[in-house]
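Residue numbers begin at 1 in each chain, while the letters A, B, ... track the order of the sequences. The basis for the numbers below is simple: all heavy atoms, side chains too, and nothing from hydrogens, waters or symmetry mates.
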Number of protein chains: 2
Amino acid sequence: MRGAKRDCRSCQAVSYCLCCQLTTEEREAFENLAGTRRVLRRGERLFAQGDDFRSLYIVQSGSAKAYVISEDGNQQITGFHYRGDLLGVDGMEVGMQTYTVEALETSSICEISFAEFERLHANTAGLRQQFFKVVASELAREKQRMLVLGKLYAEQRLAHFLLDTAAHLEGRGLAHSEFVLTMTRHDIANYLGLAVETISRLLTRFDSADLIRVRHRQIRLLDAARLRALLYDTEQPVVVLRATA
Amino acid sequence: MRGAKRDCRSCQAVSYCLCCQLTTEEREAFENLAGTRRVLRRGERLFAQGDDFRSLYIVQSGSAKAYVISEDGNQQITGFHYRGDLLGVDGMEVGMQTYTVEALETSSICEISFAEFERLHANTAGLRQQFFKVVASELAREKQRMLVLGKLYAEQRLAHFLLDTAAHLEGRGLAHSEFVLTMTRHDIANYLGLAVETISRLLTRFDSADLIRVRHRQIRLLDAARLRALLYDTEQPVVVLRATA
DNA sequence: CGTGACATTGAACGTGATCAAACGGAGTGG
DNA sequence: CCACTCCGTTTGATCACGTTCAATGTCACG
């Protein structure tokens, strides 16, 4: 499919993509940017840390995890990504990908040559604006994650994860009060800086407390309000205590 | 000083600034961008989370801390910033600052009207490139921080902080094997997701082990190699053990 | 010289990790 | 169809890292 013209109008991610603000002509120019549509199966990599940076990527459908690895092999999942998400920005101007992206399920991803993107970016106001927007929100989102990893209790981290995932899915026009976790418990644990066992126990507790309903990877949010309260009231725990329960 | 023309050539941060790649004419256009040079004293804020977004800021001299606050008042320092650092990017297109910046010492900061910056950005390749570079490296840096906050032991976090600070200072043309920590122990602890007491104890331990020399806020790196080893060898601790020592 | 913020040091506790084992579902082959 | 394996998940018991609580120490500044 290399070299095939993009067809953004028929893409599932069009409303959440970099091209969502473009005029018809601009979008046509965007569609003509070189690149491939890639389909990845669970476990396959889109790119890996250290790879040459040549393209930006946008998730069209499916989901993926992104992670960084340190010199000693320590691995940290930095994010889970759904349709519309832009991947690979970090590598601009360093010439190298700074993290790895791996599909969590069969996923389709749109590749865009960065060199050509740069040219279009230079003379397309709508693209610049949307790019700013995406990058700014990624920066802000990462700062929020520092707060999660630096300050929250295990219980709060999981509550945050569930609510944040729901919100993210909602923003992408996907089902959000009931959804499937495409990642393993191990992935969630890694993402939240906790042990797998902790995730497993907390999910069970949340289920018992009727905050959520968990059945394997199927999640239903039963009481988002109480989840949110759990996240904010550090003094007076709501239902599921840390020590108690 | 509002409206005063910038004079980049005499600025301490010129080699590390957004304007560092510009041609003479381009830099003159950059100098003409509206904005103020602001001088902040220790504890004064450059902007606060929730403020209207109107400008970008570049540290000219001094240092500052940036932090986010959650609804329940939980606070997380997201970064310490030195000359050349660009601040406020996260607020682009959201119209609102997403974090707070506070001076750690008397500091001078260059304010740039975003509206005007955007115009110059549109037709100045060098500015776009440098902006990409800065934003990409901030994104990558934040991902590294997730690894620190999610995976490392207290000892490794502090080692990372010291080495990372040194590297950052070096990249900014500042003294890096011996430097002054302009932030309190409390700030370091918050930044690293640890308690103040832990920082204090570890600094003492690092000093005893001749990894560094600490005297109040004055730090001298004695053995960067061993600090680095401490950071990577999780199996075979180098000198300063976790349980032992 | 007193006051207050910042920093250090010690002792006890607690959250979440680690270790260990069993369980369950999905896929495979007899 | 059923054993079988494999991987992901759950559950229980113990342990440890880092927190919390408390007290003392130190520096800067009125």
Side-chain angles (χ1 to χ4, degrees), chain A residues 41-43 65 74 76-77 104-105 148-161 180-208 212-219 230 234-235 237 240-245, chain B residues 41-43 65 74 77 102 104-106 148-161 180-208 212 214-219 230 234-235 237 240-245:
Chain A
R41 298 211 163 166
R42 174 174 172 71
K65 65 175 171 181
N74 230 334
Q76 172 68 51
I77 295 180
L104 290 169
E105 60 188 318
V148 171
L149 292 170
K151 294 285 168 295
L152 301 191
Y153 286 104
E155 211 173 59
Q156 298 178 300
R157 293 189 197 194
L158 187 60
H160 180 93
F161 169 72
V180 173
L181 297 173
T182 52
M183 69 295 291
T184 66
R185 302 279 194 267
H186 196 93
D187 286 337
I188 300 174
N190 183 291
Y191 179 68
L192 295 177
L194 298 168
V196 200
E197 293 93 329
T198 307
I199 300 300
S200 181
R201 277 184 252 269
L202 286 177
L203 282 174
T204 308
R205 271 215 260 155
F206 281 13
D207 187 290
S208 310
I212 61 173
R213 197 95 303 153
V214 183
R215 183 80 189 161
H216 308 127
R217 296 194 177 176
Q218 187 76 27
I219 297 280
L230 201 163
T234 24
E235 298 310 325
V240 192
L241 273 179
R242 257 179 300 291
T244 323
Chain B
R41 298 211 163 168
R42 176 175 170 70
K65 64 175 172 181
N74 230 334
I77 296 180
E102 193 179 307
L104 290 170
E105 60 188 317
T106 302
V148 172
L149 291 171
K151 296 283 168 297
L152 301 191
Y153 287 103
E155 210 172 60
Q156 297 178 301
R157 293 189 197 195
L158 187 59
H160 179 92
F161 169 72
V180 173
L181 296 173
T182 52
M183 70 295 291
T184 66
R185 301 280 193 267
H186 196 94
D187 286 336
I188 300 174
N190 182 292
Y191 178 70
L192 294 177
L194 299 168
V196 200
E197 294 92 330
T198 306
I199 300 301
S200 182
R201 276 184 255 267
L202 286 176
L203 282 174
T204 307
R205 269 215 261 155
F206 281 14
D207 186 291
S208 309
I212 61 174
V214 184
R215 183 78 188 161
H216 308 126
R217 296 194 177 176
Q218 186 77 26
I219 298 280
L230 200 164
T234 25
E235 299 311 325
V240 192
L241 274 179
R242 259 181 296 294
T244 322

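Within the 4.5 Å cutoff, the side chain of A/N74 has heavy atoms near those of the B/L152 side chain. For the pair B/R157 and B/L149, the minimum side-chain heavy-atom distance is below 4.5 Å. With contacts defined as side-chain heavy-atom distances shorter than 4.5 Å, the pair B/T184/B/R217 qualifies. B/L202 has its side chain out of reach of B/F161: every pair of non-hydrogen atoms, C-beta onward, lies at least 4.5 Å apart. With contacts defined as side-chain heavy-atom distances shorter than 4.5 Å, the pair A/L192/A/T198 does not qualify.
Which of C/dT18, D/dT9, D/dT20 sits closest to the side chain of B/Y153 comes down to C/dT18. Ranking D/dG18, C/dC6, C/dT9 by closeness to the B/S200 side chain, first place goes to C/dT9. Closest to the B/T198 side chain, of the nucleotides D/dT19, C/dC6, D/dT11, is D/dT19.
As judged by a 4.0 angstrom heavy-atom cut-off over every strand, B/G43 is placed among residues making no nucleic acid contact. Using a 4.0 Å heavy-atom cutoff across all strands shown, A/L203 reaches no nucleic acid atom at all. Residue contacts shown for A/R217 are limited to sugar-phosphate atoms, with no base heavy atom under 4.0 Å away.
Between the P atom of C/dG10 and the CZ atom of B/R205 lies a distance of 13 Å, rounded to the nearest Å. Between the CG atom of B/L202 and the P atom of D/dC17 there is a distance of 12 Å, rounded to whole Å. Distance, B/L149 CG to D/dC17 P: 20 Å, rounded to whole Å. Between the CG atom of A/L181 and the P atom of D/dG8 there is a distance of 15 Å, given to the nearest Å. Computed from coordinates, the A/N190 CG to D/dG8 C1' distance equals 15 Å when rounded to whole Å. To the nearest angstrom, P of C/dC6 lies 19 Å from CZ of B/R201. With rounding to whole Å, A/E197 atom CD is found 13 Å from D/dG12 atom P. Atom C1' of nucleotide C/dT9 and atom CD1 of B/I199 are separated by 15 Å, given to the nearest angstrom.
Between B/V214 and B/H216, the shortest heavy-atom distance links the atoms CG1-O, 3.6 Å. Taking all atoms of both residues into account, the shortest heavy-atom contact from A/I199 to A/R185 is CG2-CD, 4.1 Å. The minimum heavy-atom distance linking A/Q76 with A/N190 is given by the pair NE2-O, 3.0 Å.
Over its full length, the helix from C/dC1-D/dG30 to C/dA26-D/dT5 turns its helical axis through 40°, comparing axes from the five pairs at each end and rounding to 10°.
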Nucleic acid footprint by protein, nucleotides 23-30 of chain D - heavy-atom cut-off 4.0 Å, B for base, S for sugar-phosphate alone
----S---
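Side-chain atoms of A/Q218 do not come within 3.5 Å of backbone N or O of A/R215 as any donor-acceptor pair.
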